[in-house]
Amino acid sequence: MHRRLIAPGALAASLLLAIPASAASYTPGAPGIGDPYYPAYGNGGYDVSHYDLRLTYQPRTDELEGTATLLATTTQDLSRFDLDFLLDVSEVRVNGAKASFSTSGEHELEITPAKPLAKGTPVTVVVRYSGVPSTKSAYGFSTWHRTPDGAVAADEPESAWWWYPSNDHPLDKATYDVSVAVPDGTQAISNGTLQSSSSRLGWTRYNWRSNKPQATYLTTLAVGKFDITTGTSDGGVPVVNAYSKDLGDNDGAARASVERTGELVDWLSGYFGPYPFSSAGGYVPNTTTGYALETQTRVYYSPRQFANGSNTSVVVHELAHQWYGDDVSLKGWKDIWINEGFARYAQWLWSEHEGEGTTQELADYTYASHPADDVFWTVAPGDPGAENQFDAAVYDRGALAVQALRNEVGDDAFFAVLKGWPKEHAYGNASVDDFRTFAERVSGRSLDALFDTWLFQPSKPGAPAARGAGLAKSAVADRGSVARPTSWRKIAATDSVHSGTARGH
């Protein structure tokens, strides 16, 4: 909190001259953006509009050198501000002038500009840095994944700290230019569109651009030896996919799944509206992690996702996030249901499309297969808590809530909501409460009770609520009489889509 100095005319000028700026109304930006799930994540006092990252990476030694240029605007009279970062900083400049800096806490870089910054000031921050990301950890974990021929940055809810300084929270989305030099014969992959590449003196530089707002955790970097495929979907979306050259037995199944990206983007567009970004695709590096992540335009897949054969269901899940999670991002991490409930529901829609179980059959089975005393029902998808952010209930009970909404408002209103939501909040942020308000506006119905029952109560909705939400009598009466849909095993296999992260979600 700060107070502005208010004084008339010349008195104001004399007071401002007499009192050092830092002692007037200028205060430090908060070391966290205010998310109760992760109080130290993100920062206050400014808003970033663009990141320009110019990097050099040596896979053999895991050495990374970089210059990050951040374009931002102050949101308060600012004496000092933080960035979230772990590597070793050699110099910081703010609007061209050298700034002093220090570190604090687990991952804070504190920057004090030579002159304090008034509210509404455009700011250019340049940070020069270097380090070995795999040697860094915070809170006892790392999100930098070494591979036999390089490394990958992909994790949730954080991964930026290990490779670039940022305001690390989805509330502060920005555009990106990511330029990476790597030894010849190695590739660097990131989000968006490859603008150019060039080789010089044994190094090749790749220049990637994301021209739509992007959350920090959705920004990815992959360095290694890849086989890269390109194409265009029937709907005109450019597709770039990449596969590590040492995937072994998982290679065929990975390609049989991820190469369908263009087809699946077009199919999902029928439900969610036009694809919101300049390109689509995915990459499968040779990592030992077990999860996939909806890194914007360039989805990260672990080879383990394809250990049992092709897996279009997980591709559908991650591509659905391009609308629900990436285009429209959450306001706070408690709003995770909008990301995961709808990505899981997209898998249910795909199941129906493939003739392996309708959305209603999947909802009936989900409800019936968890008895009332199952801890599954104690997790409230509408606000699950940081410790349960990626619990199976957020996905499965979350999708069940989506089906309950569909049955409550009818298909016409439901599909209007499904397609209208990404358009209503395009490239912005929204909460569960915003979604309920939007669905009420489109459907003309009050949905308070429905949302409370299916998303917020830490107990199994009773038979009256289940019947009211359109669940089958057999599901409400006896779990034994509900047949397991054919797709259930495939969908359940993606319950760990995010739960294998370095954070242990």
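All residue numbers refer to positions in the sequence shown, counting from 1.
A donor-acceptor contact shorter than 3.5 Å is absent between the side chain of Tyr301 and the backbone of Tyr291. Counting only distance, with no hydrogens or angles, the side chain of Arg205 and the backbone of Ser179 share a donor-acceptor pair below 3.5 Å. Between the side chain of Arg298 and the backbone N or O of Ala280, at least one donor-acceptor pair lies under 3.5 Å. Judged by distance alone, with hydrogens and angles left aside, the side-chain atoms of Glu352 form no donor-acceptor pair with the main-chain N or O of Gly357 at under 3.5 Å. Distance alone, capped at 3.5 Å, is enough to place a donor-acceptor pair between the Trp208 side chain and the Ala188 backbone. Put simply, the side chain of Gln195 never gets that close to the backbone of Arg209: no donor and acceptor are under 3.5 Å apart. Panel note: side chain Trp337, backbone Gly398; a donor-acceptor pair is recorded below 3.5 Å. With hydrogens and angles disregarded, no donor-acceptor distance shorter than 3.5 Å links the side chain of Thr56 to the backbone of Glu65. Using modelled atom types, one side-chain atom of Asn429 and one backbone atom of Pro170 make a donor-acceptor pair closer than 3.5 Å. A distance-only check finds a donor-acceptor pair linking the side chain of Lys173 to the backbone of Asp327 [under 3.5 Å].
Note: Leu221 CG to Ser190 OG = 6.0 Å, rounded to the nearest 0.5 Å. Here the straight-line distance linking atom OG1 of Thr359 with atom CD of Gln347 works out to 13.5 Å at 0.5 Å rounding. One finds the CD1 atom of Ile491 at 5.0 Å from the OG atom of Ser313 (value rounded to the nearest 0.5 Å). Annotation: the span from Asn339 atom CG to His317 atom NE2 amounts to 8.5 Å, rounded to 0.5 Å. To the nearest 0.5 angstrom, Gln305 atom CD is 12.5 Å from Ser310 atom OG. Interatomic distance, Asn43 CG to Glu108 CD, rounded to the nearest 0.5 Å: 5.0 Å.
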Exercise for review: Apply side-chain hydrogen bond (donor to acceptor under 3.5 Å, both in side chains) to the pair Asp184 and Thr204, showing each step before the final yes or no.
Suggested key: CA-CA 5 Å; Asp184 287 348; Thr204 302; 2.6 Å; yes
Practice item. Run the numbers on Glu356 and Lys490 for salt bridge (Lys or Arg N to Asp or Glu O under 4.0 Å), then give the verdict. Key: CA-CA 10 Å; Glu356 296 184 341; Lys490 274 190 238 175; 3.1 Å; yes
Exercise for review: Give the intermediate values and the outcome of side-chain hydrogen bond (donor to acceptor under 3.5 Å, both in side chains) for residues Thr437 and Asp434.
Suggested key: CA-CA 5 Å; Thr437 300; Asp434 293 329; 5.6 Å; no
Exercise for review: Walk me through it: do Asn207 and Ser196 pass the test side-chain hydrogen bond (donor to acceptor under 3.5 Å, both in side chains)?
Suggested key: CA-CA 5 Å; Asn207 301 298; Ser196 64; 2.9 Å; yes
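Residues Ser137 and Ser142 have side chains that never bring a donor and an acceptor to within less than 3.5 angstrom of each other. A donor and an acceptor atom, one from each side chain of Trp161 and Asp168, are located under 3.5 Å apart. With no hydrogens or angles considered, no side-chain donor-acceptor pair links His107 and Glu158 at under 3.5 Å. In summary, the side chains of Asp62 and Gln58 do not present any donor paired with an acceptor at a separation below 3.5 Å, with no hydrogens or angles considered. At a cut-off of 3.5 Å, with distance as the only test, no side-chain donor of Thr295 or Tyr283 sits close to an acceptor on the other residue. A donor-acceptor contact closer than 3.5 angstrom is absent between the side chains of Ser166 and Asp84. A donor and an acceptor atom, one from each side chain of Ser159 and Thr143, are nowhere located under 3.5 Å apart. At a cut-off of 3.5 Å, with distance as the only test, no side-chain donor of Asp47 or Thr75 sits close to an acceptor on the other residue. At a cut-off of 3.5 Å, with distance as the only test, a side-chain donor of Gln403 or Gln360 sits close to an acceptor on the other residue. In summary, the side chains of Asn191 and Thr219 do not present any donor paired with an acceptor at a separation below 3.5 Å, with no hydrogens or angles considered. No hydrogens or angles considered: a donor-acceptor pair under 3.5 Å links the side chains of Tyr37 and Asp383. Judged purely by distance below 3.5 Å, without hydrogens or angles, the side chains of Ser269 and Asp266 never pair a donor atom with an acceptor atom. For Tyr367 and Asp364, the side-chain atoms include no donor-acceptor pair closer than 3.5 Å. The closest side-chain donor-acceptor pair between Tyr345 and Arg406 falls under 3.5 angstrom. Checked by atom type, the side-chain pair Ser278/Thr193 shows a donor-acceptor distance below 3.5 Å. Between the side chains of Glu259 and Asn241, at least one donor N or O lies within less than 3.5 Å of an accepting N or O.
At a threshold of 4.0 Å, the pair Lys136-Asp88 counts as salt-bridged, since one of the basic side-chain nitrogens sits closer than that to a carboxylate oxygen. A salt bridge does not link Glu340 with Arg397: none of the charged nitrogens is closer than 4.0 Å to a carboxylate oxygen. At a threshold of 4.0 Å, the pair Lys225-Asp149 does not count as salt-bridged, since none of the basic side-chain nitrogens sits closer than that to a carboxylate oxygen.
Between Asp251 and Lys245 there is no side-chain heavy-atom pair separated by less than 4.5 Å. A 4.5 Å side-chain heavy-atom check between Thr124 and Thr69 finds at least one atom pair inside the cut-off. Using a 4.5 Å heavy-atom cutoff, the side chains of Thr216 and Tyr176 are in contact. Between Leu70 and Leu83, some side-chain heavy-atom pair lies under the 4.5 Å cut-off. Thr230 places none of its side-chain heavy atoms less than 4.5 Å from the side chain of Val239. A heavy-atom distance below 4.5 Å is found between the side chains of Val265 and Thr261. At least one side-chain heavy atom of Thr494 sits less than 4.5 Å from a side-chain heavy atom of Arg344. You'll find the side chain of Val316 stays beyond 4.5 Å of the side chain of Val314, heavy atoms only.
The two residues Ala401 and Leu455 have their closest heavy-atom pair at CB-CD2, 3.6 Å.
Cation-pi contact between Lys212 and Tyr427: present, with separation from the ring centre below 6.0 Å and deviation from the ring axis of at most 45°. Within the cation-pi definition used here (under 6.0 Å to the ring centroid, within 45° of the axis), Arg255 qualifies as a partner of Tyr243.
If you look at Tyr129 and Trp163, their ring centroids are not closer than 6.0 Å.
Phe435 pairs in a side chain to side chain contact (heavy atoms under 4.5 Å, CB included) with only one of the listed residues (Asp335, Val328, Val417), which is Val417.
For Asp35, there are no salt bridge (Lys or Arg N to Asp or Glu O under 4.0 Å) partners at least two apart in sequence or on another chain.
Using a 30° and 60° split on the angle between ring planes, Tyr41 and Tyr38 fall in the parallel class, below 30°. Taking the six-membered ring where tryptophan is involved, the planes of Tyr324 and Phe272 are tilted, since the angle between them lies from 30° to 60°. Classification of the Tyr300-His145 ring pair by plane angle, with boundaries at 30° and 60°, yields parallel. Ring pair Tyr275/Trp323 is perpendicular by interplanar angle, where above 60° counts as perpendicular and below 30° as parallel. Aromatic ring orientation, His370 versus Phe376: parallel (interplanar angle below 30°, classes split at 30° and 60°).
Counting heavy atoms of neighbouring residues, nucleotides and ligands inside a 6.0 Å radius, atom CZ of Arg489 does not exceed 12 of them.
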